[in-house]
Novice: 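Quick one: this structure, given as C-alpha cells, is what I'll be asking you about.
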Amino acid sequence: MSLLRSHYSIDVLNEQFGSSITVAGWIEDIRNLGSIAFIILRDRKGTLQVTGLKKEQPEIFEKLVNLPRESVISVTGLCQESRKARNGYEVLPEKISVLSVADSPLPLGVVDKVDADLDTRLDNRFIDLRKPEVQAIFQIRSAVIGAVHETLRSLDFDEVHTPKLIGTSSEGGTDVFKVGYFEKNAFLAQSPQLYKQMLMSTGLDRVYEIAWYFRAEEHNTRRHLNESTAVDVEMAFIENEGEVMQVLEKLVDSMWTKAGEQTMALSVLDKSINVPKTPFRRVTYDEALSLLSDRDCEVEWGEDLSTEEERLLGKIMGEQGHDFYFITRYPLSAKPFYTMPEGDKYSRGFDLECKGVELASGSQRIHQMDLLKDRMDALGLEISAFESYLKGFRFGMPPHGGFGFGIERFMMELLDIHNIRECILFPRDRTRLYP
RNA sequence: GCCCUGGUAGUGUAGUGGCCUAUCAUCCUAGCCUGUCGAGCUAGGGACUCGGAUUCAAAUUCCGGCCGGGGCGCCA
C-alpha cells in the first residue's frame, strides 16, 4: 500500500468509517469559514472533502487554508461518516504532507465558473486534463483501444509495429513531412499501408497496428490533425473485400459496445451511447449517386463525394435508420493505386461512413505485381521509388485487403465532439507544435 | 492551396471615434464567519497583440507584421 495514498476518493467504503485513511491529490477548492474549513481534494476518480477544524488542529488548519488551489497534498486522518459531505464521508486531517505548491495565478482554472477557449486550454493542456470531463474522453479512448486489441486478437490478428521513418513517401496523395536522417533525407510515414501489405507476403498474414499517421497538409479545420492515430488492419487469403468489411464491422461494433460500458466516464460527459445495429447497410457508389440525384444533387461519375455531398448522403441514410453504412464499389479513379480493380472502371474499395463522416477506408489490394505497376503507371507514379515495396510482390504474395480507421474521427462521432483536437492529448495541427 | 474571420486583466467578456480614469463575471489578496458543497459578506488588485498612418481626439478607422479560429479542397 502506498504511503501517500491508501484510497482513492470513490473507493472509500463504509468499512473505512471510523478508521484512519490516507488520501492524496490536488486541492480543487478551499472554503474557509473561519473556524472550520472545507478542502475539496481531487484525484483520478473523483473528489472528496477534508474538513479542517481550527480549534482541534490549529497548525494543520493554517497550513491547509493557506495553500494555493491546485497544490498537491497527501492527508492522513480519521475517515468519518458525514451525510453533509460528498461521498458520504469526510477526512479529519491528523497529518498532511505538502507535495507540491501550485504557482498562482493559474493559467487556466480547473473549476472556474467561466469557460476557456480551446486554444487557451490546449496551451495549458496539463491543467485542462485535470478536468473530469476532459479526462473522461481519454478514459473512454483507452477502453475503446482495449476493445480493438481484444477483438482483433480474438479474430486471430497479430499486433505489429511498422516504421514511421521511411525512405520514400509512401502512397502519393498527401504531402509528407521531410526530416533529416544523417546524410540522407527521410520522411514521416503518412500511414503503414505499404508495410502492412509487405507483411502479407511473410506468413504474418493477419496483422493490425495502432499506427501514427503524419500528414503535412496545411488544412485548418476542426476535423484534421497533422499527427493522428489509426487502427490499421491487413489480412491475406481473402476472396474479396467483403471479408475485410466484416472484420471492420465487428471491430466497430465492439468498440462502440465497450464505449457504452464506460458508465462513469459517460455520465461525467453526460453522453449516452447507442450501439449501432449490424450488419451495416451496404450502398454501392452508383446507388449513392442515384440517391443523391433524387435530392437534386448531381455528382459527376468517378469523383469522390464532396463534404457537402457526403453529408447529404448521411442525412438520407439517417432517414432510413442507418447511422453507419459502407459505400462500396468506388470508381477506380477515386481510390489509391494499390486498390484492386473490379472490371475496367470500378474498384474493390469501400469507405465506412458514420452520419456523413468517413471513419474508415479500405479495399481488397492488388497482389499481382504487373497489375500494380500498370496502375502506378496509369496514375503517373514513379515506379523506381517503390522498388523495395514492389519487391515484396515478386516472391509469393497472397490476395489480401485491409483498412485504415481513424481513432480521433471515431471518438468525435462516438462522443459527439465538435473539434478533433479534443480527441488527442497533445494535438499537432497546422500551427501547434507545443506543448 | 483558395476563401472568410478574430486578438480588451490569469480566464471569459462589454465597449464600433470624445461620456473609457474601460463593463461585468470569474480569479487573486486581505478581513469577518463552525457545516460549506456555484459558500456568503466587506475592502482591494489586475487588461486594450505589435508597428505605422488618418484625426483636435483611436480599444474603436486604415495599412502591415505577429498570433489565433473556421469553411472549402484533400483526406482519417
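Protein chains get the first letters and strands the later ones, always in sequence-line order, with residue 1 at the start of each. Both backbone and side-chain heavy atoms feed into the values below; hydrogens, waters and symmetry mates do not.
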Novice: Which value, in whole Å, describes the distance between the C1' atoms of nucleotides B:C28 and B:G70?
Specialist: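 Rounded to whole Å, the distance is 34 Å.
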Novice: Which part of the nucleic acid, if any, lies within reach of A:Asn66 when heavy atoms closer than 4.0 Å are counted: base, sugar-phosphate only, or nothing?
Specialist: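 Touches nothing.
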Novice: Can you check the distance between B:A30 and B:C19, where both ends of the measurement are the C1' atom (answer in whole Å)?
Specialist: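 Nearest-Å result for B:A30 against B:C19 at atom C1': 34 Å.
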Novice: So does A:Arg31 get a side-chain nitrogen or oxygen closer than 4.0 Å to the phosphate oxygens (OP1/OP2) of B:A39?
Specialist: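 Yes, such a contact exists.
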Novice: Just call it for A:Glu90: base, sugar-phosphate, or nothing, with non-hydrogen atoms closer than 4.0 Å on any strand.
Specialist: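 The residue A:Glu90 makes base contact.
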Novice: NA contact type, A:Leu106, heavy-atom cut-off 4.0 Å: base, sugar-phosphate, or nothing?
Specialist: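 Sugar-phosphate contact only - A:Leu106 comes under 4.0 Å of backbone atoms but never of a base.
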Novice: Heavy atoms only, 4.0 Å cut-off, all strands: where does A:Ala360 land among base, sugar-phosphate and nothing?
Specialist: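 A:Ala360: backbone/sugar contact only, no base atoms under 4.0 Å.
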Novice: What's the CD-P distance between A:Glu217 and B:C74, to the nearest Å?
Specialist: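 Rounded to whole Å, this separation is 10 Å.
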Novice: I'd like to check A:Glu209 versus A:Thr162 (side-chain heavy atoms, cut-off strictly below 4.5 Å). Are they in contact?
Specialist: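 Yes, close enough: below the 4.5 Å cut-off.
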Novice: Please evaluate the base of B:A76 for a donor-acceptor partner in the side chain of A:Arg223 within a cut-off of under 3.5 Å?
Specialist: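 Per atom types, no contact qualifies.
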Novice: Among the candidates B:G68, B:U36, B:G10, find the nucleotide nearest to the side-chain atoms of A:Pro107.
Specialist: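 For A:Pro107, the side-chain atoms sit closest to B:G10.
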Novice: Taking any heavy-atom pair under 4.0 Å as a contact, classify A:Ser306: base, sugar-phosphate, or nothing.
Specialist: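 If one applies the 4.0 Å heavy-atom cut-off, A:Ser306 turns out to touch the sugar-phosphate alone, with no base involved.
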Novice: Looking at B:C75, B:C33, B:G70, which one has an atom nearest to any side-chain atom of A:Asn32?
Specialist: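 Among B:C75, B:C33, B:G70, the one nearest the side chain of A:Asn32 is B:C33.
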Novice: Within less than 4.0 Å of OP1 or OP2 of B:C74, is there a side-chain N or O belonging to A:Arg215?
Specialist: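 No, outside the criterion.
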Novice: Any sub-3.5 Å donor-acceptor pair from A:Ser82's side-chain atoms to A:Lys84's backbone N or O?
Specialist: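 Checked: pair present.
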Novice: Please report, rounded to the nearest Å, how far the P atom of B:C37 is from the CZ atom of A:Arg86.
Specialist: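 Result: 10 Å.
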Novice: Can you tell me how far C1' of B:C74 sits from CG of A:Asn226, to the nearest Å?
Specialist: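 Interatomic distance, CG of A:Asn226 to C1' of B:C74: 12 Å.
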Novice: Using a heavy-atom cut-off of 4.0 Å across all strands, would you classify A:Ala116 as base, sugar-phosphate, or nothing?
Specialist: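 A:Ala116: backbone/sugar contact only, no base atoms under 4.0 Å.
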Novice: Can you figure out which of B:G69, B:C72, B:G35 approaches the side chain of A:His219 most closely?
Specialist: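 My answer, after comparing the listed nucleotides, is B:C72.
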Novice: Any side-chain N or O of A:Arg421 less than 4.0 Å from the OP1 or OP2 oxygen of B:G70?
Specialist: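 Answer yes for this pair, as a side-chain N or O of A:Arg421 is under 4.0 Å from OP1 or OP2.
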Novice: Going by the side chain to side chain contact (heavy atoms under 4.5 Å, CB included) test, name the single residue among A:His367, A:Met235, A:Arg206 that passes it with A:His400.
Specialist: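 Result: among A:His367, A:Met235, A:Arg206, A:His367 is the only option passing the side chain to side chain contact (heavy atoms under 4.5 Å, CB included) with A:His400.
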Novice: So A:Leu118, base contact, sugar-phosphate only, or nothing? Heavy-atom distance under 4.0 Å.
Specialist: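 A:Leu118: no heavy atom of the nucleic acid under 4.0 Å.
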Novice: Rounded to whole Å, please give me the gap between CD in A:Glu218 and P in B:G70.
Specialist: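 Interatomic distance, CD of A:Glu218 to P of B:G70: 16 Å.
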Novice: Please test A:Thr278 against A:Asp253 for side-chain hydrogen bond (donor to acceptor under 3.5 Å, both in side chains), starting from the C-alpha separation and ending with a verdict.
Specialist: CA-CA 7 Å; A:Thr278 53; A:Asp253 181 58; 4.8 Å; no
Novice: Is the ring centre of A:Tyr346 less than 6.0 Å from the ring centre of A:Trp301?
Specialist: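 Centroid distance A:Tyr346-A:Trp301: below 6.0 Å, so yes.
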Novice: Assign A:Asp29 to base, sugar-phosphate, or nothing according to its heavy-atom contacts below 4.0 angstrom with the strands shown.
Specialist: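 Counting heavy atoms under 4.0 Å across all strands, the contact made by A:Asp29 is with sugar-phosphate only.
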Novice: Looking at B:G70, I'd like to know if its phosphate oxygens (OP1 or OP2) sit under 4.0 Å from a side-chain N or O belonging to A:Asn419.
Specialist: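 Checking A:Asn419 against B:G70: at least one side-chain N or O falls below 4.0 Å of OP1 or OP2.
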Novice: Using a cut-off of 4.0 Å on non-hydrogen atoms, how would the nucleic acid contact of A:Thr431 be classed: base, sugar-phosphate, or nothing?
Specialist: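 Touches sugar-phosphate only.
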Novice: Between P on B:C27 and CD1 on A:Ile30, what's the gap in Å once rounded to a whole number?
Specialist: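 So the CD1-P distance, A:Ile30 to B:C27, works out to 13 Å.
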Novice: Please give the nucleotide sitting opposite B:A22 as a Watson-Crick or G-U wobble pair, both distances under 3.5 Å, or none.
Specialist: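 Answer to the pairing question: none, since B:A22 forms no Watson-Crick or G-U pair.
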Novice: Mind checking the P distance from B:C4 to B:G65? Whole angstroms is fine.
Specialist: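 Approximately 15 Å lies between the P atom of B:C4 and that of B:G65.
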Novice: Could you label the plane-to-plane angle of the A:Phe410 and A:Trp256 rings as parallel, tilted or perpendicular, counting under 30° as parallel and over 60° as perpendicular?
Specialist: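 Perpendicular, since the angle between the ring planes exceeds 60°.
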Novice: Is A:Thr120 close enough to B:G12 that one of its side-chain N or O atoms is under 4.0 Å from OP1 or OP2 there?
Specialist: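 Affirmative; the distance criterion is met.
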Novice: Partner lookup for B:A53, please. Criteria are Watson-Crick or G-U wobble with both distances under 3.5 angstrom; report none if nothing qualifies.
Specialist: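 WC or wobble partner is B:U61.
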Novice: Between A:Thr51 and B:C37, is there a contact of a side-chain N or O with OP1 or OP2 at under 4.0 Å?
Specialist: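 Negative; the distance criterion is not met.
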Novice: Kindly point out which of B:G73, B:C37, B:G35 is positioned nearest to the side chain of A:Thr221?
Specialist: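 In terms of side-chain proximity for A:Thr221, the closest of B:G73, B:C37, B:G35 is B:G73.
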Novice: Starting at atom CG of A:Leu225, determine the distance to atom C1' of B:C74, rounded to an integer number of angstrom.
Specialist: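 Going from A:Leu225 (CG) to B:C74 (C1'), I get 15 Å.
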Novice: Are there over 12 heavy-atom neighbours, none belonging to A:Glu308, within less than 6.0 Å of that residue's CD?
Specialist: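 Counting neighbours around CD of A:Glu308, 12 or fewer heavy atoms of other residues, nucleotides or ligands fall under 6.0 Å, so no.
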Novice: Do the side chain of A:His224 and the base of B:C74 come within less than 3.5 angstrom through a donor-acceptor pair of N or O atoms?
Specialist: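 Yes, the side chain and the base share a sub-3.5 Å donor-acceptor pair.
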Novice: Determine the Euclidean distance between corresponding C1' atoms of B:A59 and B:C48; express it in Å to zero decimal places.
Specialist: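 Per the computed distance, 5 Å lies between those C1' atoms.
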Novice: Roughly how many Å apart are B:A57 and B:U21, using the P atom of each and rounding to a whole number?
Specialist: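 B:U21 and B:A57 have their P atoms separated by 15 Å.
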Novice: May I ask you to say what A:Arg311 touches in the nucleic acid, namely base, sugar-phosphate or nothing, with a heavy-atom cut-off under 4.0 Å?
Specialist: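 Sugar-phosphate, backbone atoms only, no base.
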Novice: Assess whether side-chain contact (heavy atoms from CB on, under 4.5 Å) is satisfied between A:Phe126 and A:Phe426, documenting all intermediate values.
Specialist: CA-CA 9 Å; A:Phe126 60 96; A:Phe426 298 100; 5.8 Å; no
Novice: Mind calculating the distance between CZ (A:Arg430) and C1' (B:C67) to the nearest angstrom?
Specialist: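 Nearest whole value for this atom pair: 13 Å.
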Novice: Give me the distance, rounded to whole Å, that separates B:C27 from B:U34 when you measure between the P atoms they each carry.
Specialist: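 The answer is 22 Å between these two P atoms.
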Novice: Take atom C1' in B:C24 and the same atom in B:C3, then report the distance between them in whole Å.
Specialist: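 The answer is 36 Å between these two C1' atoms.
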Novice: Pick base, sugar-phosphate or nothing for A:Lys55, based on heavy-atom distances below 4.0 Å to the nucleic acid.
Specialist: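 Contact class for A:Lys55: base.
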Novice: Judged by each residue's nearest nucleotide on RNA chain B, which is more toward the 5′ side, A:Phe405 or A:Asp429?
Specialist: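 Nearest nucleotide further toward 5': that of A:Asp429.
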Novice: Mind checking A:Leu359 for me? I need base, sugar-phosphate or nothing, with any heavy atom below 4.0 Å counting as a touch.
Specialist: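 A:Leu359: backbone/sugar contact only, no base atoms under 4.0 Å.
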Novice: When the P atoms of B:U60 and B:G44 are compared, how many Å lie between them, rounded to an integer?
Specialist: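 It comes out at 30 Å once rounded to the nearest Å.
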Novice: Considering all heavy atoms of both residues, which atom of A:Ala102 and which atom of A:Arg69 are nearest to each other, and what is their separation?
Specialist: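 Closest pair (atom of A:Ala102, atom of A:Arg69, distance): CB-O, 3.3 Å.
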Novice: Could you pick out which residue, A:Ile420 or A:Ile36, lies toward the 5' side of RNA chain B when each is mapped onto its nearest nucleotide?
Specialist: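 Nearest-nucleotide comparison on RNA chain B picks A:Ile36.
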Novice: Is the gap between the ring centers of A:Tyr338 and A:Tyr389 under 6.0 Å?
Specialist: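 They do not qualify: ring centres at least 6.0 Å apart.
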Novice: Taking OP1 and OP2 of B:C28, is either one under 4.0 Å from a side-chain nitrogen or oxygen of A:Arg69?
Specialist: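 So the side chain of A:Arg69 is within the cut-off, an N or O lying under 4.0 Å from OP1 or OP2 of B:C28.
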Novice: Is any side-chain N or O of A:Thr307 closer than 4.0 Å to OP1 or OP2 of B:G73?
Specialist: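 So the side-chain polar atoms of A:Thr307 do come within 4.0 Å of the phosphate oxygens OP1 or OP2 of B:G73, strictly under.
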Novice: With sugar-phosphate meaning primed atoms plus P, OP1 and OP2, does A:Asp115 contact a base, only sugar-phosphate, or nothing at under 4.0 Å between heavy atoms?
Specialist: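 Answer is sugar-phosphate: A:Asp115 comes under 4.0 Å of backbone atoms only.
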Novice: What is the distance from CG of A:Asp175 to P of B:C75, rounded to the nearest Å?
Specialist: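 Taking CG of A:Asp175 and P of B:C75, I get 12 Å after rounding.
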Novice: Classify A:Glu308 by what it touches in the nucleic acid, base, sugar-phosphate, or nothing, heavy-atom distance under 4.0 Å.
Specialist: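 Answer is nothing: A:Glu308 stays at 4.0 Å or more from every strand.
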